[in-house]
4 protein chains.
Amino acid sequence: MARPLSEEKRDALLKAASDLVARLGTGASTAKIAKAAGVSEGTLFTYFPTKDDLLNQLFIEIEARFALTMLAPYPLDASAKDRLFIVWSRLIEWGLDRSTSRKALRQLKVSDRVTLESRQRCHALFREARLMVEQCLAEHSAPERVAFYIDTILFDLADITINAIAAKPKERDAIRQAGFDLFWKGTAA
Amino acid sequence: MARPLSEEKRDALLKAASDLVARLGTGASTAKIAKAAGVSEGTLFTYFPTKDDLLNQLFIEIEARFALTMLAPYPLDASAKDRLFIVWSRLIEWGLDRSTSRKALRQLKVSDRVTLESRQRCHALFREARLMVEQCLAEHSAPERVAFYIDTILFDLADITINAIAAKPKERDAIRQAGFDLFWKGTAA
Amino acid sequence: MARPLSEEKRDALLKAASDLVARLGTGASTAKIAKAAGVSEGTLFTYFPTKDDLLNQLFIEIEARFALTMLAPYPLDASAKDRLFIVWSRLIEWGLDRSTSRKALRQLKVSDRVTLESRQRCHALFREARLMVEQCLAEHSAPERVAFYIDTILFDLADITINAIAAKPKERDAIRQAGFDLFWKGTAA
Amino acid sequence: MARPLSEEKRDALLKAASDLVARLGTGASTAKIAKAAGVSEGTLFTYFPTKDDLLNQLFIEIEARFALTMLAPYPLDASAKDRLFIVWSRLIEWGLDRSTSRKALRQLKVSDRVTLESRQRCHALFREARLMVEQCLAEHSAPERVAFYIDTILFDLADITINAIAAKPKERDAIRQAGFDLFWKGTAA
DNA sequence: AATGAATGAGCGTTCATTCAT
DNA sequence: GATGAATGAACGCTCATTCAT
């Protein structure tokens, strides 16, 4: 191995892919992505053997960063509701701060180029966050519905809420609160 | 005179487009769509001047059929909650019955090839359904949040619920109920 | 034969073809030509079996009208030079009056879709005009060069002159005269 | 680094384009041109971003080579007429030697795909030749007509003459002389 | 005769990927 | 490892022509 793969270039490629997939969908061409990353068309393929691979890596990378955000320590002494509100707020903030990532993710989620395996791997990344939420809901919700609330509702409801905020940025805090209230009340036993 | 445009072919094209867009995304090629519809590649373009046009018509067509489903008469003497449950059930049933349409819609919604105008036109189609829901929530929810519940939450929450059912078809009724309960409780004042 | 072919439609098609070929070259589509003529795409083919046929008829038609213009009677008592100047002026005037026809002709002349046979047929149409010019040059030019002057030079030099006038319409008369002088002096023995 | 653009391939593409445009007009397909050049269809577009670009480059290239031919040194001590005859002969010889280029040029000149800018750029290439001719005509022609003779007549008259020779190759020298005589006598004051 | 929908080959161009440099 | 020229299949779309109406 003459030269090691450059982490810098890999990141630039993923960043460029994120931007372009967000804007153009998964049809964004590898040539454009390479150009936006400041590397040559061929180089893209030394970092990612195929475009599908790039897309899957991108998906995983974004989800991983997202999961990391959710992992920051939580005040253990706060009430379940307060702790859940912190989770909720982090979900919302991440989506608003990383709007490009979120848009890219939205495209990737509906694409059949992102494999089931990638999706499952990412699911696992949120285990800790999920456990946290589980604790919050333990005394609040009907036990048989907790899984549904967490796996199905929580993230997507946050997504919907982010969309609503994106449409009316001035009402940011009100919408965030309205979304949370809906979830909290809706999940009560 | 001449041969009239065939409603049948137009429908076949939209049906084929729906299938392929659901499976492959908006990148599905016009050639494949034409072939699946049993017409020649050129014929597609006598029915839809451009691919974008086809995609937009498809979007509108699906939404229109969906809106029609929602328009069926409601038992006016039932309670607000019961009537809302009927709305909710129709949303869910439609999504489950028309899973291809729903998947196509999901692709179309994230594509920038579907114009704002098309989206707005479709939004209008649901006015009646929205009014119906508004009445149901009138005495149940905080007035300032009703718009948020209807425009932002309701349809997307139904979508999430459908996804959940699609993943676990055996729990169909339980999940449908769980989704509704979440919405109803969540929207209480 | 249920209905006779309509002269009117044939003319409208040729007129439309002339316009469009002048503007777009022989690549102008039959659909556009039919539309511009106010008839349907199919009708074009009942008047002209193929596009090549239409193009050849158009070529012949324009040349024929042109030849007709040249056939108007000449004052037989005028001098050779004066009579030739009349010929020359008619060439120039025709080109300026019928600039669309001339542009179409220019495209047709360089196209291999206009057959040798069409070209030869048109050549024959100008026999009379050519004879006229021959008489004018009889005592003015070297006999062995007269054919060259008429068949090769005269029409093309007129064409060049028309181009020059088209570029500077204000100098119309001066350029017309300059072109004629060049021909007259140039063809002197 | 990478593989450098090959001058050879570019030339082969222009050569192939020249051949096919000469034969089929500007409608000659890029696929045929690429095949004739011995490269793949895609390769054409790494050398010329669009077909229009190829056509314009071809136009400029042919004109440039032509201009170069005209630039060869002239015997300054020869008479004006003799020097002009050299110019004339070079025009004729070029056209006869490069009959494919000439035919391609003829197609390109009537095509609206060759831009005004390309035409103007090429016009400039002949400045030197034009100056040369200007000197030859200085004491021979009416000053106010010199521009007309050079810009409008000379090249096109040569073109006509070449056509005549192409039709009767055996009379090559006689026709060349006849054309020159016409020009020389015709441009006398 | 007139219409225009139907056809499929062909168009100019883009694409993911390979490989000579 | 990095580059970008090379590739040919595929793309969205147009075309001359045919033929059901």
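Values reported hereafter were calculated over all heavy atoms of this structure, with side chains retained and with hydrogens, waters and symmetry mates removed. Quick note on labels: first sequence line is chain A, next is B, and so on, each numbered from 1.
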Please name all residues satisfying side chain to side chain contact (heavy atoms under 4.5 Å, CB included) with S6(A), sequence neighbours left out, ordered by chain then number. E8(A), K9(A), Y47(A)
Return the set of residues passing salt bridge (Lys or Arg N to Asp or Glu O under 4.0 Å) with D53(D) (not counting sequence neighbours), or none when no residue passes. none
With sequence neighbours excluded, residues passing salt bridge (Lys or Arg N to Asp or Glu O under 4.0 Å) with R98(A): none
Please identify each residue that fulfils salt bridge (Lys or Arg N to Asp or Glu O under 4.0 Å) with R106(C), with sequence neighbours left out. none
Measure the distance from NZ on K35(B) to P on dG12(F) and round it to the nearest whole Å. 15 Å
Is it true that D19(D) and R23(D) make a salt bridge, defined as a side-chain N closer than 4.0 Å to a carboxylate O? no
Salt bridge (Lys or Arg N to Asp or Glu O under 4.0 Å) against E61(A), all qualifying residues, sequence neighbours excluded: R10(A), R65(A)
What pairs with D52(A) under side chain to side chain donor-acceptor pair (under 3.5 Å), at least two apart in sequence or on another chain? R113(A)
With sequence neighbours left out, write down each residue that passes side chain to side chain contact (heavy atoms under 4.5 Å, CB included) with K35(B), or none if nothing qualifies. none
Are there runs of at least three consecutive Watson-Crick or G-U pairs touching DNA chain E, with each pair's two distances under 3.5 angstrom? Give them by first number. E:2-21 with F:2-21
F45(A) side chain: which of dG12(F), dT17(F), dT18(E) is closest? dT18(E)
Expressed as a whole number of angstroms, how long is the span from E8(D):CD to dA20(E):C1'? 15 Å
Rounding to an integer number of Å, can you tell me how far L20(B) CG sits from dG12(F) P? 11 Å
Counting primed atoms, P, OP1 and OP2 as sugar-phosphate and everything else as base, the B/S/- map of nucleotides 6-11 of chain E against protein heavy atoms under 4.0 Å is SBB--S
